[in-house]
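Read the structure below first, then the notes.
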Amino acid sequence: MTVLAEVEAEIAAALKRLQQAGRLPGDLALDAVEVEPTKDPRHGDLATNAAMVLAKPARMKPRDIADALVAELAALPGYVKVEVAGPGFVNISLAPGRWQAVVAEVRAAGATYGASDIGKGERLLVEYVSANPTGPMHVGHGRGAVFGDSLANLLAFAGYAVTREYYVNDAGAQVDVLARSAFLRYREALGENIGEIPAGLYPGDYLKPVGAALAQKFGDALLKQANDESAWLPVVRAQAIEMMLAMIKEDLAALDIRHEVFFSERALTEGGKDEIAETVAELRAKGLVFEGRLERPKGHDADDWEDREQTLFKSTDFGDDVDRALMKSDGGYTYFAGDMAYHHNKLARGFRHLINVFGADHTGYIKRMQAAVRALSDGKADLDIKVCQLVRLLRGGEPVKMSKRAGTFVTLREVVDEVGRDPIRFMMLYRKNDAALDFDLAKVVEKSKDNPVFYVQYAHARALSIFRNAAEAFAGLGRGDSDVTGADTSLLTDDGELDLLRRLALFPRVAEGAARAHEPHRIAFYLSDLASAFHAQWTRGNDSPHLRFIQANDRNLTAARLALVGACAQVIATGLAILGVHAPSEMR
RNA sequence: GACCCCGUAGCUCAGUUGGAUAGAGCAUCUGCCUUCUAAGCAGAGGGUCGCAGGUUCGAAUCCUGCCGGGGUCGCCA
């Protein structure tokens with residue numbers, strides 16, 4: 001247990017003792033009591049708001065509760081100074097030994113330092129990317145991909161059994177358009193001059209390989225059926241989807257992203273079953289499906305709007321703005337009906353924790369999806385939808401034109417190839433997901449403090465370089481050597497060292513908070529702070545040689561400092577691993 | 001018209017889910033490389049947290065109403 005958790009437990013125990021002694025009401029709920037690191041060192045190391053939040057329910061003065069708590073805590077070992085301040089904070093200064101212990105904590109836990117069990121091993125499904133298999137991914141997809149992947153890492157770190165899933169929209173009109181576009185490329189591959197790609201079809205060159213593959217596989221057999229779309233379309237479609245998906249998987253792999261499950265929309269209604277019909281029937285049995293009319297949508301030139309009675313899902317019962325259509329006028333199911341069936345399937349597979357990562361253009365879809373999950377699970381499952389806002393691609397401050405027509409469309413793959421995986425991943429996580437992001441191709445490869453990727457990686461590289469240098473000065477002071485792992489950490493008394501220790505102690509709390517909030521960016525910012533403290537301590541050694549990590553004439557002190565450096569490197573590496581960014585041992 | 005996101009230093013953004021005197025980076029200015037990587041560090045200046053109310057011991061954070069920017073609305077996917 002880290003210091004923070006220990007102190008929390010000790011304060012809870014102290015409050016319980018006060019209750020037992022009759023100095024606090026026995027039925028007082030202690031949930032709201034928090035322990036936080038202080039911002040101002042003059043307020044000590046930690047502070048608790050216990051007296052203030054308990055004052056009202058206990059019907060006592062904050063000051064009286066605080067005084068009682070101070071007396072309890074001051075008597076405990078390791079509490080150097082405990083005092084009441086401000087409106088009723090209890091400020092706590094701990095003996096350095098309490099902080100120094102974090103080095104051993106980190107060493108013992110290794111890559112699991114900061115991991116928690118808040119997920120209790122429960123299964124959780126993160127659905128992300130889910131880009132239509134009709135072409136290459138763009139940068140916006142990349143943001144959702146990186147975010148979803150890191151969130152999955154984070155939640156696994158927090159004790160969930162995580163499944164990463166991609167919903168393949170391989171049914172519906174757009175994949176038919178894909179098939180028609182591919183068919184044209186097929187004819188082209190057979191030597192035909194196809195001229196301009198007609199409007200409404202996908203013009204991209206990326207379909208040429210699909211055409212070539214079809215030509216190789218089928219010769220001119222499909223061409224003979226050209227007038228009978230129902231004959232060739234399913235074959236071409238299947239080939240095109242397969243190849244598009246393969247391309248997408250490759251692009252994702254370039255970002256180190258690998259989904260465990262690719263769930264096919266088409267599969268919902270294939271093989272003699274119809275999960276959409278089953279889902280609708282289930283909702284109908286719950287009285288949530290009815291025939292009715294919708295109002296004409298506003299803010300659009302809905303010229304083709306047709307007022308008619310249709311089959312609706314009563315999503316307004318679950319917080320949605322309007323009820324949602326399930327059937328199209330041609331008798332087919334809406335996309336939403338299929339998506340409900342898909343989520344029904346997730347629930348049937350036993351998931352009770354669902355997270356979907358959406359692009360900004362799907363914000364309007366959130367309420368109905370949550371309504372659907374509530375209805376389908378009888379409120380027993382939770383669905384959190386994280387929206388990644390738009391990415392603006394810039395180069396040196398100038399927007400990069402994104403036009404498919406003009407051929408200046410920038411694919412995700414091109415960006416990965418240009419700037420590399422680490423800068424993309426880190427930069428996309430160095431921002432809250434619900435804030436728009438400017439991604440500057442020139443800036444992300446800049447090697448300066450303006451670029452937090454290199455800043456954090458550099459700290460890790462520096463830490464490891466210390467060990468390389470130490471090996472020259474001392475034998476037996478390698479990272480895992482017993483003289484380092486068993487070093488006397490009470491020698492770590494410099495303010496900068498204590499600052500690092502406190503930050504290391506904070507990591508488990510940061511990781512937990514990030515996991516609970518589904519906010520991986522907190523890890524990125526924490527790492528930036530930790531790296532900053534590490535760089536600062538490093539540079540202090542320039543002016544004050546006695547603060548250098550390696551002290552040629554003091555083996556014990558060097559061992560203690562190396563243990564601290566090792567702990568810093570470990571936490572940086574762990575944090576970067578959650579973000580999916582490499583922790584290099586060297587940067588030159 | 002409705003819903004969602006954003007609004008914090010000149011710029012780009014954090015702000016530990018309601019805590020104490022609101023923080024970083026960039027940019028500007030002043031310093032630090034003959035020994036652990038200067039891709040680094042130290043310091044200075046810079047603020048009506050969009051506006052107005054409300055909730056309470058306490059609000060950048062929660063509620064209401066405005067203002068500004070972006071996104072969305074359909075039997076598309």
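Only a predicted model underlies this, so the values are computations on that prediction, with no experimental measurement involved. The figures here come from the full heavy-atom set of this structure, side chains too, leaving out hydrogens, waters and symmetry mates. Reminder, nothing fancy here: chain letters follow the sequence lines and each chain counts from 1.
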Between B:C13 and B:A20, how far apart are the two P atoms, rounded to whole Å? 25 Å
Separation between the C1' atoms of B:C49 and B:A44, rounded to whole Å: 23 Å
Quick one: do A:Arg42 and A:Asp40 make a salt bridge, cutoff under 4.0 Å? yes
If the P atom of B:C3 is compared with that of B:G40, how far apart are they to the nearest Å? 47 Å
Quick one: sort the A:Trp538 and A:Phe534 rings into parallel, tilted or perpendicular, breaks at 30° and 60°. tilted
Do other residues, nucleotides or ligands put more than 12 heavy atoms under 6.0 Å from A:Arg308 CZ? yes
Give me the one residue out of A:Tyr335, A:Phe336, A:Tyr167 that meets ring-ring contact (aromatic ring centres under 6.0 Å, His included) with A:Tyr342. A:Tyr167
NA contact type, A:Asp440, heavy-atom cut-off 4.0 Å: base, sugar-phosphate, or nothing? nothing
Does CD belonging to A:Glu295 count more than 12 external heavy atoms closer than 6.0 Å? no
Hey, is the side chain of A:Asn469 poking within less than 4.0 Å of OP1 or OP2 on B:U37, counting only N and O atoms? yes
For B:C36, does either OP1 or OP2 sit under 4.0 Å from a side-chain N or O belonging to A:Ser465? no
Rounded distance in Å between the C1' positions of B:U8 and B:A14: 10 Å
Separation between the C1' atoms of B:G46 and B:U28, rounded to whole Å: 10 Å
Would you measure the distance from the P atom in B:A38 across to the matching atom in B:C33 and give it in whole Å? 12 Å
Examine A:Phe454 together with A:Tyr458 and report whether their ring centres are nearer than 6.0 Å. no
Is there a side-chain contact between A:Tyr455 and the phosphate of B:C41, meaning an N or O under 4.0 Å from OP1 or OP2? yes
Short N/O separations, protein against nucleotides 16-18 of chain B, under 3.5 angstrom:
none

Protein-nucleotides 3-7 of chain B N/O pairs under 3.5 Å:
| unit_1 | atom_1 | unit_2 | atom_2 | d |
| --- | --- | --- | --- | --- |
| B:C3 | O3' | A:Lys367 | NZ | 3.3 |
| B:C5 | O2' | A:Asp434 | O | 2.5 |

Looking only at atom C1', what distance separates B:A60 and B:C51, rounded to whole Å? 14 Å
Of all the choices, B:A20, B:U37, B:A77, which nucleotide is nearest to the side chain of A:Ala47 once you look at every atom? B:A20
Dot-bracket for RNA chain B: what is it, with Watson-Crick or G-U pairs under 3.5 Å, [ ] where a pair crosses earlier ones, and | for a pair to another strand? (((((((..((((.....[...)))).(((((.......))))).....(((((..]....))))))))))))....
A:Met52, nearest nucleotide to its side chain (from B:C75, B:C36, B:C57): B:C57
Side-chain donor or acceptor of A:Asp361 under 3.5 Å from a matching atom on the base of B:A77? no
Quick one: is A:His521 getting a side-chain N or O under 4.0 Å of the B:G15 phosphate, OP1 or OP2? yes
Syn or anti conformation of B:U37, syn meaning chi within 90° of 0: anti
Just compare B:C32, B:U21, B:U37 and give me whichever is closest to any side-chain atom of A:Ala461. B:U37
Distance, C1' atom - from B:G7 to B:G47, rounded to whole angstrom: 15 Å
Between B:C36 and A:Arg462, counting only base atoms on the nucleotide and side-chain atoms on the residue, is there a donor-acceptor pair under 3.5 Å? no
So does A:Arg468 get a side-chain nitrogen or oxygen closer than 4.0 Å to the phosphate oxygens (OP1/OP2) of B:U37? no
Which distance, rounded to the nearest 0.5 Å, do you find between the CG of A:Leu506 and the CZ of A:Arg503? 8.5 Å
So does A:Asp483 pair up with A:Arg555, basic N to acidic O under 4.0 Å? yes
